[in-house]
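Nothing here was measured: the structure is a model prediction, and the numbers come from that model.
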Amino acid sequence: MPAAYLFDMDGLLLDTEQLTLDAFLDCGPEFDLDPHEMQRFFMGLIGTAKAQGEQMVREFIGPERDFEALDQAWQHHSQKRLATGIPIKPTVADTLAALHADGHAMAVVTSTLGDKARHHLDRAGLLPCFRAVIGGDEVPANKPDPAPYVQGAERLGAAPGDCAAFEDSDLGITAAARAGCFAVQIPDLRPVSRAFPAVGQRFAPTLKEAVATAQAHFQQTRRTVSPAE
């Protein structure tokens with residue numbers, strides 16, 4: 001088994017990427033933005049940290065539009081869509097509950113601000129599963145830099161190479177692989193024509209299958225090493 005499990009949050013555990021895109025599109029009429037261009041632009045935002053994302057949005061809307069007003073409107077529409085609860089991706093709740101019940105060390109490694117991430121995980125009922133939640137404002141560098149995953153492994157007392165990491169975004173899976181984790185990508189929102197980064201990751205359609213893939217890898221590695229011991 002892996003020594004520890006490291007998870008991204010938005011688009012992997014929480015089904016919030018589509019919700020965030022929809023809230024962004026809600027702003028289109030007020031700010032005279034083309035919905036097709038907005039959707040295409042949003043795909044490039046996925047996985048970015050707050051500061052980088054804000055700069056990208058400013059460049060997208062141009063100096064003639066009020067970024068602060070757009071940001072407030074986007075937050076307003078997001079909160080309206082989240083009012084009924086934080087949506088969870090399929091198989092996530094049961095998979096995390098089983099890992100937690102078996103005593104596995106788990107952490108969230110997200111580009112979302114730490115306080116916001118903990119709040120969302122708490123509302124979703126997932127926070128007790130994790131020994132640590134590391135936000136994008138709590139690391140020395142953001143994804144695709146490996147620093148967040150190196151820090152996540154350290155918080156759980158494990159070497160990155162002994163950890164399984166799970167991501168939906170290209171930036172995130174690149175960070176996990178660069179850190180040395182066994183990395184499994186579960187794609188969420190992305191352009192159909194975009195190639196995946198070639199960083200040695202595995203792929204799975206759900207978190208349940210991704211965890212099974214990681215566990216099988218570490219079991220096979222252990223069987224391969226054992227005879228030499």
Side-chain angles (χ1 to χ4, degrees), residues 1-14 16-17 20 42-59 92 96 99 104-122 126-127 129-190 194-204 207 210-211 213-214 217-218 221:
M1 294 291 182
Y5 296 78
L6 306 173
F7 303 88
D8 179 46
M9 187 181 75
D10 294 296
L12 182 90
L13 303 180
L14 306 182
T16 44
E17 295 290 17
T20 304
F42 183 85
M43 295 300 174
L45 277 181
I46 295 173
T48 61
K50 181 177 176 60
Q52 180 186 2
E54 286 186 354
Q55 182 58 40
M56 290 171 66
V57 173
R58 288 179 185 274
E59 293 174 0
V92 165
L96 294 181
L99 290 171
H104 293 290
M106 296 187 286
V108 168
V109 180
T110 177
S111 295
T112 298
L113 299 179
D115 287 345
K116 181 179 180 181
R118 285 181 280 272
H119 175 69
H120 281 187
L121 289 167
D122 189 31
L126 302 179
L127 187 60
C129 293
F130 302 105
R131 299 184 188 179
V133 176
I134 300 168
D137 56 331
E138 300 168 339
V139 292
N142 294 115
K143 304 170 186 179
D145 192 283
Y149 278 99
V150 172
Q151 185 169 321
E154 289 176 349
R155 286 282 294 275
L156 298 181
D162 295 329
C163 295
F166 306 93
E167 276 279 357
D168 66 297
S169 74
D170 293 350
L171 293 178
I173 203 68
T174 300
R178 286 178 177 173
C181 302
F182 179 79
V184 186
Q185 188 167 7
I186 308 165
D188 189 38
L189 295 184
R190 62 180 297 110
R194 178 184 294 169
F196 288 97
V199 293
Q201 76 271 43
R202 303 285 183 87
F203 292 91
L207 187 66
V211 167
T213 296
H217 166 78
F218 281 92
T221 300

Heavy-atom check, side chain of Val211 versus side chain of Tyr5, under 4.5 Å: yes
Smallest separation among heavy atoms of Tyr149 and Cys181, with atom names: CB-SG, 4.3 Å
Heavy-atom check, side chain of Ile134 versus side chain of Val108, under 4.5 Å: no
Side-chain touch Met106/Leu96, heavy atoms, less than 4.5 angstrom: yes
Met56 side chain near Leu45 side chain, heavy-atom distance below 4.5 Å: yes
Trace of the side-chain contact (heavy atoms from CB on, under 4.5 Å) decision for Glu17 with Asp168: CA-CA 10 Å; Glu17 295 290 17; Asp168 66 297; 4.3 Å; yes
Exam field: side chain Ser169 to backbone Ile46, donor-acceptor pair closer than 3.5 Å: no
Distance-only side-chain donor-acceptor flag, Glu167 / Gln185, under 3.5 Å: no
Separation of Phe42 CZ from Leu189 CG (nearest 0.5 Å): 6.5 Å
Residues Arg58 and Glu54 bridged, charged N to O under 4.0 Å: no
Test item: Ile173 and Phe166 side chains (from C-beta on) under 4.5 Å apart, heavy atoms: no
Whether Phe182 and Phe218 hold their rings parallel, tilted or perpendicular, with breakpoints at 30° and 60°: perpendicular
Partners meeting side-chain hydrogen bond (donor to acceptor under 3.5 Å, both in side chains) with Asp115 (sequence neighbours left out): Arg118
Donor-acceptor contact below 3.5 Å, side chain Asn142 vs main chain Gly136: yes
Spacing of CZ belonging to Phe7 relative to CZ belonging to Phe130, to within rounding of 0.5 Å: 6.0 Å
Test log, rule side-chain contact (heavy atoms from CB on, under 4.5 Å), inputs Asp8 and Leu13: CA-CA 7 Å; Asp8 179 46; Leu13 303 180; over 6 Å; no
For the student: nearest non-hydrogen atoms of Ala164 and Ala214, plus distance: CB-CB, 3.7 Å
Val133 and Leu121, any side-chain heavy atoms less than 4.5 Å apart: yes
Exercise: identify the closest heavy-atom pair between Pro148 and Val139: CA-CG1, 3.9 Å
Reported CD-to-OG1 distance for the pair Gln201 and Thr213, which is rounded to 0.5 angstrom: 12.5 Å
side-chain hydrogen bond (donor to acceptor under 3.5 Å, both in side chains) between Thr16 and Asp10, worked out: CA-CA 6 Å; Thr16 44; Asp10 294 296; 2.5 Å; yes
Asp145 CG to Leu171 CG distance, which is reported to the nearest 0.5 Å: 11.5 Å
Closest contact, heavy atoms only, Ala179 versus Val150: CB-CG2, 3.9 Å
Euclidean distance, Leu6 CG relative to Gln151 CD, rounded to 0.5 Å: 11.0 Å
Closest non-hydrogen atom pair, Thr48 against Ser111: O-CB, 3.6 Å
Under 3.5 Å donor-acceptor, Lys143 side chain and Ala176 backbone: no
Polar side-chain atom of Glu138 near backbone of Gly135 as donor-acceptor pair, under 3.5 Å: yes
Set of salt bridge (charged side-chain N to carboxylate O under 4.0 Å, His left out) partners for Asp170, sequence neighbours left out: Arg190
Spacing of NE2 belonging to His119 relative to CG belonging to Leu127, to within rounding of 0.5 Å: 11.0 Å
Validation row: Val92, Leu12 side chains within 4.5 angstrom (heavy atoms): no
With sequence neighbours excluded, residues passing side-chain contact (heavy atoms from CB on, under 4.5 Å) with Ala4: Ala105, Leu156, Ala158, Cys163
Pairwise side-chain contact, Arg178 with Val199, heavy-atom cut-off 4.5 Å (strictly under): no
